[in-house]
Amino acid sequence: MSKVEKLISPWVKEAFPHLDWLPQVLSICSGVLLLVIIYYVARCLVLPGFEKLTVYISPHRLGQLKPLFSKLNRRLAGFICSVVFVSSFRYFYLPGDEGEVFYRSIGQIIAIIYSGFIFSSVISIAGAAYNQLSFAKEVPILGIIQVAKLITFIVTSILIISVLIDESPAYILSGFGALAAVLLLVFKDTILGFVASIQIAANRLVKDGDWIQFDQYGADGEIEELGLNTVKVRNWDKTITTVPTYALISQSFKNWRGMQESGGRRIKRAIHLDLNSIRLIDSDFLETLKSNEFITQVLSNEELNNAKAQSNVKLFRAYAEEYLRQHEALNHNLTLMVRELAPSAEGLPVELYCFSADKRWIPYEHLQADIMDHLLASLTMFGLRPYQHVTGQLTG
């Protein structure tokens, strides 16, 4: 018989002599009611303090951290209730040696579980606060946070087992030596991911939002989440590819951050000219060129006069380069040139090399297409033809 039951038993039996079980039920109910009251009182007292602390540290982050503080508040209230339960179960619940061991073990296990949850919440709050810093994207710590939570889970599990078997945690740890090889095998990816996360953060290889291209895994898009074991990449077709974190340091991939942080995005395209259309410029052809308003808008009379006895390819290169220099959508502070590559069986490649000022994908593709369309259409003005393989289609 519990102490509360002994205290109320005479009055209850006097009032209800036929209900022998009533004192026991009232004792248990009073214990449960006490825990419920303590839980809600703790929640009402602790949470406002957390909110005041958040407002004091950084007022504009209250909305982002409030859900995490609310979860921590609930877990703290649960931990306080578990401690009260361990301290007071003799007063409200069934006595006896077996019952005492049972209630104490249950209370200790619940307290250990809540302790693990509290530590996990603290880690989450620390990570959320860190992510608000200006350099957080440059040095992501999601992998480290996940490792800390994993260690918390392992320690909590060891403590629970030690309570269940009534042995010291050191006794359990002493038996881990034989399981070391198995643990290394089970947590191989976690260990590799943890080491990779440290190297990625230290060397700043990638960060959230980076555009990476990892052909081996079919990844071509922006990093959404840099985790302990996997990196989530949202491809441009809106699919998601997961890449092992350790692959970012063990294999080669392309990071487009340098392009995004630079002054422009490179355009590198080649026009293949038919070798049979290359010729020298004579006086008649030069007069034809001077009468073309599209050419005179780009090239001056002096440039055209100097082109006599030169090849139409050279004049086309001068026209293309001057056209690019006058284009407002290009970044003229970066390399800009039109050059010839080595002739091949597919004609003479004339390559355009320049940078667009707008690095966004759609405007970049439109600009690149507009430039190529204009220069391909301009070939006939210089007596040039683009090279293309002969097909089996007949033309009438």
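Positions are given from 1, in the same order as the sequence printed here.
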Ignoring hydrogens and angles, tell me if any N or O in the side chain of [X] forms a donor-acceptor pair with the backbone of [Y] under 3.5 Å.
X: N235; Y: D237; value: no
X: T152; Y: A148; value: yes
X: T245; Y: T230; value: yes
X: T241; Y: A219; value: no
X: D358; Y: R360; value: yes
X: N255; Y: V206; value: no
X: Y40; Y: A77; value: no
X: S120; Y: F117; value: no

Grouping I, L, V, M, F, W and Y whenever their side-chain heavy atoms are under 4.5 Å apart, do [X] and [Y] come out in a common cluster?
X: L336; Y: Y353; result: no
X: I278; Y: L341; result: no
X: L248; Y: L192; result: no
X: V83; Y: L76; result: yes
X: L376; Y: I371; result: yes

* Test item: I118 and L72 side chains (from C-beta on) under 4.5 Å apart, heavy atoms -> yes
* Is there a side-chain contact between R266 and L334 (heavy atoms, below 4.5 Å)? ->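 The answer is no; the side chains never approach within 4.5 Å.
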Nearest-0.5 Å distance, [atom1] of residue [X] to [atom2] of residue [Y]:
X: L348; Y: E340; atom1: CG; atom2: CD; answer: 4.5 Å
X: I110; Y: S105; atom1: CD1; atom2: OG; answer: 11.0 Å
X: L304; Y: L286; atom1: CG; atom2: CG; answer: 6.5 Å
X: N276; Y: R385; atom1: CG; atom2: CZ; answer: 6.0 Å
X: D373; Y: S378; atom1: CG; atom2: OG; answer: 10.5 Å
X: H327; Y: E322; atom1: NE2; atom2: CD; answer: 13.0 Å

* Does a salt bridge link E321 with R317, judged by any charged N lying under 4.0 Å from a carboxylate O? ->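 Looking at R317 together with E321, the answer is no, because their closest N to O distance does not fall below 4.0 Å.
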* Asked: Aromatic rings Y319 and F382: how do their planes relate, parallel, tilted or perpendicular, breaks at 30° and 60°?
  ->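 Judged by the thresholds at 30° and 60°, the geometry between Y319 and F382 is tilted.
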Looking at [X] and [Y], what are the two nearest heavy atoms and their distance?
X: S277; Y: N312; value: O-ND2, 3.2 Å
X: K268; Y: Q368; value: N-OE1, 4.4 Å
X: T335; Y: F355; value: O-CD1, 3.4 Å
X: L280; Y: S311; value: CD2-N, 4.0 Å
X: D210; Y: L205; value: OD2-O, 4.4 Å
X: S82; Y: G107; value: CB-O, 4.1 Å

* Is the distance between the ring centroids of F253 and F214 less than 6.0 Å? ->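 Yes - the distance between ring centres of F253 and F214 falls below the 6.0 Å cut-off.
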* **Y217 atom OH: more than 12 heavy-atom contacts under 6.0 Å** =>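 Enclosed.
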* Asked: For K359, does the NZ atom sit with more than 12 other heavy atoms under 6.0 Å from it, leaving out its own atoms?
  -> yes
* Asked: Where do Y364 and I267 land on the side-chain contact (heavy atoms from CB on, under 4.5 Å) test, with the steps shown first?
  -> CA-CA 9 Å; Y364 164 78; I267 297 176; 3.6 Å; yes
* To do: Show your working on side-chain contact (heavy atoms from CB on, under 4.5 Å) between I109 and L164 and close with a plain yes or no.
  => CA-CA 8 Å; I109 290 174; L164 291 175; 3.4 Å; yes
* Do the side-chain N and O atoms of Q297 and E293 include a donor-acceptor pair separated by under 3.5 angstrom? ->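 No donor-acceptor contact under 3.5 Å links the two side chains.
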* To do: Check the pair L379, I271 against side-chain contact (heavy atoms from CB on, under 4.5 Å), reporting the backbone distance first and the verdict last.
  => CA-CA 10 Å; L379 290 177; I271 299 176; 4.0 Å; yes
Contacts table for residues 220-227: side-chain donor-acceptor under 3.5 angstrom, sequence neighbours left out:
unit_1 : atom_1 : unit_2 : atom_2 : d
D220   : OD1    : W211   : NE1    : 2.8
E224   : OE2    : R234   : NE     : 2.5
E224   : OE2    : R234   : NH2    : 3.4

* To do: Start with the C-alpha gap between F316 and M381, add the side-chain angles, then the distance that decides, and say whether side-chain contact (heavy atoms from CB on, under 4.5 Å) holds.
  => CA-CA 9 Å; F316 172 73; M381 297 188 302; over 6 Å; no
